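To start, the structure under review is shown below, and the notes come after it.
This is a predicted model, so every value here is computed, not measured. Whatever order the structure lists ligands and atoms in, that order sets their numbers, starting from 1.
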Amino acid sequence: MLALLFLWGAVVMLCCSCCFFLRRRRRPNEPPIENGILPYLGCALQFGANPFQFLRAREKKYGPIFTCRLAGKYVHFLTDSFSYHAVMQHGRHLDWKKFHFATSAKAFGHGSIDPSDGNTTENMQQTFTRTLQGNALTYLSEAMMENLHYVMVKSREAKVSSNDWVTDKLYEFCCRVMFESGFLTLFGTEFNSNYGKILSSIQENQRASILHALENFKAFDQIFPALVAGLPIHLFKSAHSAREKLAETLLHENLKKRENISELISLRMFLNDTLSTFNDKEKAKTHLAVLWASQANTIPATFWTLFHLLRNPKALEAATEEVKRILQDVSGNIGSSGNPIHLNRKQLDDMPVLDSIIKEAIRLSSASMTVRVAKEDFTLQLGSSSYNIRKDDVVALYPQLLHFDPEIYSDPMTFKYDRYLNENGEEKTVFYRNGRRLKYYYMPFGTGLAKCPGRLFAVHEIKQFLTLLLSYFEVELTNSNVTCPSLDQSRAGLGILQPTSDIDFKYRFKVL
Ligand code: HEM
């Protein structure tokens with residue numbers, strides 16, 4: 001027994017001394033460092049529990065730049081919103097791709113998409129910009145509007161009589177509507193199904209298979225943070241099988257059986273086939289990465305927007321007015337499901353109230369993290385101070401700190417629907433901190449070269465969803481005094497946080 005205790009003591013001593021000697025020592029001109037007490041993990045557990053509180057506390061202790069050891073990496077956090085610009089200016093020392101490529105391969109299971117590794121010569125960033133913005137966005141948004149109309153209005157009409165209230169869960173509702181419509185928009189429809197006609201059994205089957213894909217998507221998405229943290233997917237049996245089934249749906253041989261595929265996916269299929277050495281499953285997994293990027297943030301963003309809208313009568317009134325104003329310009333019998341609402345690009349871009357509501361909902365729920373890796377040792381100049389950064393260290397920004405900063409946004413935890421409107425009712429773009437105008441005040445989509453290429457489409461999608469909902473339905477929360485669900489911190493760093501619980505609501509067709 002004594003021998004066992006002695007052995008145990010020796011192991012603990014060894015671990016402690018390893019930790020001590022493996023700790024990084026701060027060198028001159030480096031930011032203050034916190035190694036954490038756990039070997040390898042460092043501060044990862046404390047950080048993961050609530051990044052916002054963790055960073056705020058460290059900011060108080062160390063100032064606007066400090067280093068934390070997180071899962072074997074040394075991460076330099078910059079907390080002052082005025083220093084974000086400096087990070088962008090040091091772009092030549094910082095790599096944004098390495099981290100993205102490695103994370104994508106880890107989570108989705110495809111081979112490296114870094115052209116320097118030789119599997120593909122596709123410049124994915126170029127593909128995304130070309131197919132999600134400019135003219136391509138016009139087509140994409142038109143397709144989304146048609147699909148949303150089908151999913152929200154047409155397919156429901158057949159089943160719901162106009163006077164009946166339908167009760168549902170708000171998050172679940174947003175999930176089903178956005179996933180089905182977004183899936184059809186990117187990946188098209190099965191051949192021979194015509195959404196303009198009465199819901200046929202083919203359409204019912206197609207819907208069932210998309211909703212089945214949604215269940216797999218949810219199972220996979222749930223463990224996404226663990227995969228990004230580096231845990232192998234084999235530890236999660238059912239999520240692993242869900243990912244593989246999703247990939248199967250997206251095999252080129254299956255996609256070729258679909259029509260009206262978006263330019264984004266058809267171009268990516270072509271480039272996979274011509275520029276890469278990926279096998280069929282890996283090609284499918286690159287499409288899964290796009291499916292995830294297109295849904296994982298949009299779904300919770302739609303939920304938060306609708307939730308805040310329904311809880312705020314003034315916001316609801318202003319949004320309804322704006323939708324009416326925009327629809328006045330739309331010819332035809334508005335509201336009749338036989339004559340679907342069509343919003344052109346100009347109309348979608350001329351909705352400042354909805355823009356402000358969406359931005360405010362996203363401000364309150366976004367927890368993305370901007371991450372760059374140092375390509376070499378360099379000196380980061382922040383105003384009059386300079387800090388030495390070592391090669392392979394990570395430089396990170398956590399914009400929730402600025403989104404919740406009371407010096408920028410008064411009463412930051414309160415939803416104010418007109419926060420992003422100026423006195424003329426137009427988009428407000430001027431924000432200050434301590435009397436200085438801010439360049440960066442809203443960053444849920446990242447910044448610089450890695451900025452989300454789908455951000456314009458995402459906002460269009462949510463506006464279209466709201467326009468249809470407000471035009472065709474009466475919608476109410478079951479309990480108008482319901483408290484706001486808290487944010488699920490397990491996804492912090494990855495984008496828009498989901499609610500920890502769902503909300504009951506009801507809707508019925510308006511009598512038009
Ligand atoms: C509210 C919804 C959305 C949010 C908040 C969001 C946010 C983000 C963020 C934070 C990034 C990483 C940027 C960085 O690392 O600095 C990103 C990347 C990306 N997003 Fe979005 N996104 C949304 C919707 C969409 C949609 C609808 C699509 C496509 C249809 C999309 C496609 C992408 C792609 C392809 C990337 C990877 C870009 C690259 O690696 O070059 N996103 N998004």
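Heavy-atom distances between His100 and ligand 1 reach below 4.0 Å in at least one pair. Ligand 1 is never approached by Val290 to a heavy-atom distance shorter than 4.0 Å. Ligand 1 is approached by Pro453 to a heavy-atom distance shorter than 4.0 Å.
The aromatic rings of Tyr420 and Phe431 sit tilted, their planes meeting at an angle between 30° and 60°. Taking the six-membered ring where the residue is Trp, Phe173 and Tyr507 present tilted rings, their angle falling between 30° and 60°. A tilted orientation is assigned to the rings of Phe217 and Phe179, their planes being inclined by 30° to 60°.
Protein heavy atom in closest approach to atom 31 (C) of ligand 1: Ala293 O, 3.6 Å. The protein atom (non-hydrogen) at minimum distance from atom 13 (C) of ligand 1 is Ala450 O, 3.0 Å. Closest to atom 30 (C) of ligand 1, if we only count protein heavy atoms, is Ser294 CB, 3.5 Å. Considering only non-hydrogen protein atoms, atom 10 (C) of ligand 1 sits nearest to Pro444 O, 3.4 Å.
Residue Thr67 forms a side-chain hydrogen bond (donor to acceptor under 3.5 Å, both in side chains) with just one option from Arg390, His76, Arg58, and that option is His76.
Using a 4.0 Å cut-off to heavy atoms of Ala458, the atoms of ligand 1 that qualify are 2 (C), 24 (C), 27 (C). Remark: ligand 1 atoms within the under-4.0 Å shell around heavy atoms of Glu461 are 27 (C). Using a 4.0 Å cut-off to heavy atoms of Phe128, the atoms of ligand 1 that qualify are 35 (C), 41 (O). Set against the non-hydrogen atoms of Ile496, the atoms of ligand 1 under 4.0 Å away are 5 (C). The distance from ligand 1 to the heavy atoms of Gly446 drops below 4.0 Å at these ligand atoms: 10 (C), 16 (O).
Compare Gly493, Ala367, Cys452, Ala301 by their heavy atoms: the one nearest to atom 23 (C) of ligand 1 is in Cys452.
Residue-environment remark: CD (Glu142) exceeds the threshold of 12 foreign heavy atoms within 6.0 Å.
A donor-acceptor contact closer than 3.5 angstrom is absent between the side chains of Glu263 and Asn135. When only modelled atom types and interatomic distance are considered, Ser410 and Lys416 share a side-chain donor-acceptor pair under 3.5 Å.
At a threshold of 4.0 Å, the pair Arg56-Glu59 counts as salt-bridged, since one of the basic side-chain nitrogens sits closer than that to a carboxylate oxygen.
The side chain of Leu132, and not its backbone, has at least one atom closer than 4.0 Å to an atom of ligand 1 (non-hydrogen atoms only; side chain from C-beta on).
In this structure, Gln400 contributes its side chain and Phe52 its backbone to no donor-acceptor pair below 3.5 Å.
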